[in-house]
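So the structure is just underneath, and the comments pick up after that.
From a predicted model like this one, the values you see are computed outputs, not experimental measurements. In what follows, every chain begins at residue 1, and chains take the letters A, B, ... in the order their sequences are listed.
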Number of protein chains: 2
Amino acid sequence: MTVVGRRERKKLATRAALRDAALRLALRHGVEHVTVEQIAAETDIAVRTFFNYFSSKEEAMVAAVAAEADALIAAFRDRPREEPVLRALREAVARVIAVSDTDALRLIVRAPSLLPQRLAVYATREKALAEAIADRLGLSPDDLYPAVCAATALTAMRVVLERWLDRPADHAALREQTEEVIGLLAAGLERGLP
Amino acid sequence: MTVVGRRERKKLATRAALRDAALRLALRHGVEHVTVEQIAAETDIAVRTFFNYFSSKEEAMVAAVAAEADALIAAFRDRPREEPVLRALREAVARVIAVSDTDALRLIVRAPSLLPQRLAVYATREKALAEAIADRLGLSPDDLYPAVCAATALTAMRVVLERWLDRPADHAALREQTEEVIGLLAAGLERGLP
DNA sequence: CTCGAAAATTGCACGTCATGCATCGATGCA
DNA sequence: TGCATCGATGCATGACGTGCAATTTTCGAG
């Protein structure tokens, strides 16, 4: 399946190098002050080539988030088919956040200038998740339910993640809050009133 | 309340003029091909002044969406306190979409280059809606429930709106789909399986 | 191994974007 | 009327993003 030659591997490596350089520079100088020129120099690559990989500085920085979202969807697809959608989602989230780079995430999530691009990443992943949900349920990807389910679940997890990153807490707390929110969605917002 | 002098009124008018000019030009030439210079010229003001009102071309174009979101929150706050949150939200949505400019909305929603900024607008309004919900329920705006409720409800309505704009349908259909989705959230995603 | 096609890298030019700064002008108030 | 504040504008500047063409690298067939 998808045998990758050296060419593809090098491209992947360059892409990762650019992404890491962007995050490293952002951590050192602040997201706002990083320029494409710096990222390219740090990776020892022409500025023009940078734009062959990413269409903007912001896209490079949120690439880590995009990768996590992809991992989430893959983990979701790996869950047993008989598992209910929201439970499968909950388990997938637990596995992905267990191995995530919290510092990088916090950097990205806290940067106001990255908010639009980050949300755009989530939005594009919404469609992929909706398809995965439709597959699992044997529905059409055009149905309303998979779309709403994917969108609201991703949103709920985004809210939890943002709140968690704002307060110093451990991974157990994150998992706990995730389960609480997923439970809320499953049982209905009307019922979950505190 | 909030008496506005001529100064403020002129600023508001200029802002609206810029927004309208941006949309008009986008409708005529396509979103991608509109420049700040054109918008400024159309409104007969200096380019530099444009940036006193909007920090980017995209922000000007999604201003209409921002206004609708604000209207939604205002309408929500106007609903009677004894009404359940999701029902109040549903009624507020119905009232706002009844008077919305569908052509402008479709233009904005369909433009890929506006997606990030549009989502950012929703995200900022999330907080305001969460506060309104917290007020209504007598909870703290820092509680998890208002945040999740606001975020997921806005997201669900965004999904419905996007789907509706993609297919030619009338306002009754939009209202119907809105109610269906709100019902789904209220009853729980687990229950609503078709 | 060699060669030619395909693909990736790079430099260059160009238009646009966005902001800081200084200045000018208009507005509103005492 | 005179002054103080706020908005509008021009200018300069650095960064962004893309099309294009040249150059180098990679890959596979012979």
Side-chain angles (χ1 to χ4, degrees), chain A residues 2-23 25-26 28-63 111-118 120-121, chain B residues 2-23 25-26 28-63 111-118 120-121:
Chain A
T2 55
V3 177
V4 283
R6 180 164 55 192
R7 231 174 192 161
E8 313 267 338
R9 257 183 294 123
K10 279 211 152 190
K11 281 195 75 170
L12 265 283
T14 301
R15 198 181 158 85
L18 286 172
R19 161 173 56 78
D20 293 345
L23 290 179
L25 287 170
R28 197 183 316 157
H29 303 128
V31 171
E32 311 287 338
H33 301 100
V34 178
T35 69
V36 175
E37 202 174 338
Q38 289 175 346
I39 301 174
E42 178 93 358
T43 322
D44 194 31
I45 272 188
V47 173
R48 185 60 183 87
T49 307
F50 171 89
F51 288 106
N52 289 344
Y53 285 89
F54 299 101
S55 63
S56 73
K57 175 182 50 177
E58 288 77 17
E59 189 178 319
M61 290 189 178
V62 301
S113 66
L114 297 183
L115 178 67
Q117 300 285 336
R118 178 166 63 93
V121 164
Chain B
T2 54
V3 177
V4 284
R6 181 163 56 192
R7 237 173 187 161
E8 314 262 341
R9 257 183 293 123
K10 281 210 151 191
K11 282 194 73 171
L12 265 285
T14 301
R15 197 181 160 86
L18 286 172
R19 162 172 56 76
D20 293 345
L23 290 179
L25 288 170
R28 196 184 315 158
H29 302 129
V31 171
E32 312 287 340
H33 301 99
V34 179
T35 68
V36 175
E37 202 174 335
Q38 289 175 348
I39 302 174
E42 178 94 357
T43 321
D44 195 32
I45 66 167
V47 173
R48 185 61 184 88
T49 307
F50 171 89
F51 288 106
N52 289 345
Y53 285 88
F54 300 100
S55 64
S56 75
K57 175 182 50 178
E58 288 77 18
E59 189 179 319
M61 291 190 177
V62 300
S113 67
L114 296 183
L115 178 67
Q117 300 285 336
R118 178 166 62 93
V121 163

Given C/dT10, C/dC17, D/dT26, the nucleotide with the shortest approach to the side chain of B/F51: C/dC17
Tell me what A/Y53 touches on the nucleic acid: a base, only sugar-phosphate, or nothing, going by heavy atoms under 4.0 Å. sugar-phosphate
Quickly work out the A/H33 NE2 to C/dA18 C1' distance and round it to whole Å. 15 Å
Write down the distance between CD1 (A/I39) and P (D/dG17), rounded to a whole number of angstrom. 10 Å
Just to confirm, is there a sub-4.0 Å distance from OP1 or OP2 of C/dT16 to any side-chain nitrogen or oxygen of B/T35? no
Closest to the side chain of A/R48, out of C/dG28, C/dC12, C/dA18, is C/dC12
Would the distance check show the side chain of B/R15 and the main-chain N or O of B/Y53 forming a donor-acceptor pair, the cut-off being under 3.5 Å? yes
Reckon B/K57 has a side-chain N or O less than 4.0 Å from the OP1 or OP2 of C/dT16? no
Quick one: pull up CZ in A/R28 and CD in A/Q38 and give me the separation to the nearest 0.5 Å. 9.0 Å
Per atom distances to the A/I45 side chain, the nearest of C/dT10, C/dA8, D/dA8 is C/dT10
Could you please name the option among C/dA7, C/dG28, C/dA18 that lies closest to any side-chain atom of B/R7? C/dG28
Roughly how many Å is it from CG in A/L12 to C1' in C/dA8, rounded to a whole number? 14 Å
What is the distance, rounded to the nearest whole Å, between atom CG of A/N52 and atom P of C/dG11? 12 Å
Among the candidates C/dT10, D/dA15, D/dA8, find the nucleotide nearest to the side-chain atoms of B/T49. D/dA8
May I ask you to verify if any side-chain N or O of B/K10 is less than 4.0 angstrom from the OP1 or OP2 atom of D/dG7? no
A/A46 side chain: which of D/dT5, C/dG11, D/dT18 is closest? C/dG11
Value in whole Å for how far the P atom of C/dT9 lies from CG of A/D44: 13 Å
Here the distance between atom P of C/dA18 and atom CZ of B/F50, to the nearest Å, is 8 Å
To the nearest 0.5 Å, tell me how far B/T14 OG1 sits from B/I45 CD1. 6.5 Å
For the residue pair A/Q117 and A/V121, establish whether any side-chain heavy-atom pair is separated by less than 4.5 Å. no
Rounded interatomic separation in angstrom, taking CD from B/E32 and P from D/dG19: 12 Å
Atom NZ of B/K11 and atom C1' of C/dG28: how far apart are they, to the nearest Å? 15 Å
Just so I know, are the side chains of B/V36 and B/F51 near enough to count as touching, which here means a heavy-atom distance under 4.5 Å? yes
